[in-house]
Enquirer: 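Once you've had a glance at the structure underneath, I'll fire off some questions.
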Protein chains: 2
Amino acid sequence: MPNYGGSLDRVFQALADETRRAMVQRLIRGPVSVSELARPLEMSLPAVMQHIQVLEACGLVRSEKIGRVRTCRIEPDVLRTAEDWLAEQRTSWERRLDRLGDYLLDDPGTPEQGSL
Amino acid sequence: MPNYGGSLDRVFQALADETRRAMVQRLIRGPVSVSELARPLEMSLPAVMQHIQVLEACGLVRSEKIGRVRTCRIEPDVLRTAEDWLAEQRTSWERRLDRLGDYLLDDPGTPEQGSL
DNA sequence: GCCATAGTTAGGCATGTCCTTAACTATGAG
DNA sequence: CTCATAGTTAAGGACATGCCTAACTATGGC
């Protein structure tokens, strides 16, 4: 069972914004400069910068400045961390359903309750 | 390719809080009353109620009041929606890495750039 | 009917988020 | 050097979030 630290807070928070999800989807296709990232977005450059900072703060994105161009790239590990947490919940749910099914087949007396 | 609507905003937002993730984990184990949900949490009941409302608003949780007890249960579909989005990003990333590998093996001239 | 239990509503406060404009720095082209 | 490009910093405004307390309603046990 992974640890997840407090980092899930920041990752899910980062992904809870349409603009930042669009940025992630763009960066999945390959590294890109700040102004290239900003181009399809209808907002000021400082606003874009702030989104990038949120993505960097949670480790979803890394960036490097060469000359006057900052190039951003995705960091897929953190994306995986979030996916893992969700998968863990889903499998817990599925295991519970299985146990519940077995139980009901065995002794169809009392309905479900609590941890079972 | 799924649609995801604007619902991902609310789901990720809901999951971006430690307390609400703890609630989800508890509810995965089975349906539970409001005060039972509140017990392990160090906050007032109204605060717990507000968290439940957030979880219900994004469809992660459904609840039903019988007598004076409100019983909450998880709604796993929405959890799956979030997981699907993340999986989609990851597989896009993996496919891109594959294409990149093929390309570099084929003609190791120009480095990666843009959509490739 | 009386009281404890379970939940709800209302109001308020501190902090966080998302965006803006204005002014600024640094780099590359000519 | 001069100018345009690429990005950055600072300050502030509008609104959302997460929590609280106080006061309230509804139900069930006796």
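So you know, we letter chains A, B, ... as the sequences are listed, proteins then strands, and number each from 1.
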Enquirer: Which nucleotide wins on minimum distance to the side chain of A/S35, given the candidates D/dA6, D/dT8, C/dG7?
Expert: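 For the A/S35 side chain, the nearest candidate turns out to be D/dA6.
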Enquirer: For B/E83, is there an ion pair with A/R90 - N to carboxylate O distance below 4.0 angstrom?
Expert: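 Looking at B/E83 together with A/R90, the answer is yes, because their closest N to O distance falls below 4.0 Å.
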Enquirer: Look at the rings of A/F12 and B/F12 and say which category their plane angle falls in: under 30° parallel, 30 to 60° tilted, over 60° perpendicular.
Expert: parallel
Enquirer: Tell me the interatomic distance from A/R20, atom CZ, to C/dT17, atom P, rounded to whole angstroms.
Expert: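 Computing the A/R20:CZ to C/dT17:P distance gives 8 Å.
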Enquirer: Ignoring the backbone of B/P46, work out which of C/dA10, D/dT8, C/dG7 is nearest its side chain.
Expert: C/dA10
Enquirer: What nucleic acid atoms does A/A47 come within less than 4.0 Å of, heavy atoms only: base, sugar-phosphate, or nothing?
Expert: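 Here A/A47 touches the bases of the nucleic acid.
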Enquirer: Any side-chain heavy-atom pair from B/E75 and B/V61 closer than 4.5 angstrom?
Expert: no
Enquirer: Which is more 5' along DNA chain C, the nucleotide nearest A/G67 or the one nearest B/E36? Just name the residue.
Expert: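 Checking each residue's closest nucleotide, the 5'-ward one belongs to B/E36.
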Enquirer: Determine: side-chain N/O of B/R68 to OP1/OP2 of C/dT8, distance under 4.0 Å, yes or no.
Expert: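 No, B/R68 has no side-chain N/O under 4.0 Å of OP1/OP2 on C/dT8.
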Enquirer: Can you tell me the distance, in whole Å, between the CD atom of B/E64 and the P atom of C/dG7?
Expert: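 My rounded result for the distance is 13 Å.
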Enquirer: For A/R70 and D/dT8, give me the distance from atom CZ to atom C1', rounded to whole Å.
Expert: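 Rounded to whole Å, this separation is 9 Å.
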Enquirer: Taking the side chain of B/K65 as its heavy atoms from C-beta onward, which of D/dT27, C/dG7, D/dC20 lies nearest to it?
Expert: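 Minimum distance to the B/K65 side chain belongs to C/dG7.
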Enquirer: For the pair A/T71 and A/S63, evaluate side-chain contact (heavy atoms from CB on, under 4.5 Å) and give the outcome as yes or no after the intermediate values.
Expert: CA-CA 5 Å; A/T71 302; A/S63 77; over 6 Å; no
Enquirer: Measure from CG on B/L37 to P on C/dA6 and round the result to the nearest Å.
Expert: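 Taking CG of B/L37 and P of C/dA6, I get 14 Å after rounding.
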Enquirer: Verify the neighbour count for atom CZ of A/R70: are there more than 12 heavy atoms of other residues, nucleotides or ligands below 6.0 Å?
Expert: yes
Enquirer: On the nucleotide C/dT17, are OP1 or OP2 found under 4.0 Å from the side-chain N or O atoms that A/H51 carries?
Expert: no
Enquirer: Measure from CZ on A/F12 to C1' on D/dT17 and round the result to the nearest Å.
Expert: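 Rounded to whole Å, this separation is 18 Å.
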Enquirer: May I have the distance from B/R10 (atom CZ) to C/dT17 (atom C1'), rounded to whole angstrom?
Expert: 18 Å
Enquirer: Measure the distance from CD on A/E42 to P on C/dC19 and round it to the nearest whole Å.
Expert: 12 Å
Enquirer: Which sits closer to the 5' end of DNA chain D, A/Q13 or A/M49, going by the nucleotide each is nearest to?
Expert: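 This one resolves to A/M49.
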Enquirer: Using whole Å, what does the distance between atom P of nucleotide C/dA23 and atom CG of A/L45 come to?
Expert: 17 Å
Enquirer: So does A/S44 get a side-chain nitrogen or oxygen closer than 4.0 Å to the phosphate oxygens (OP1/OP2) of C/dC19?
Expert: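 Negative; the distance criterion is not met.
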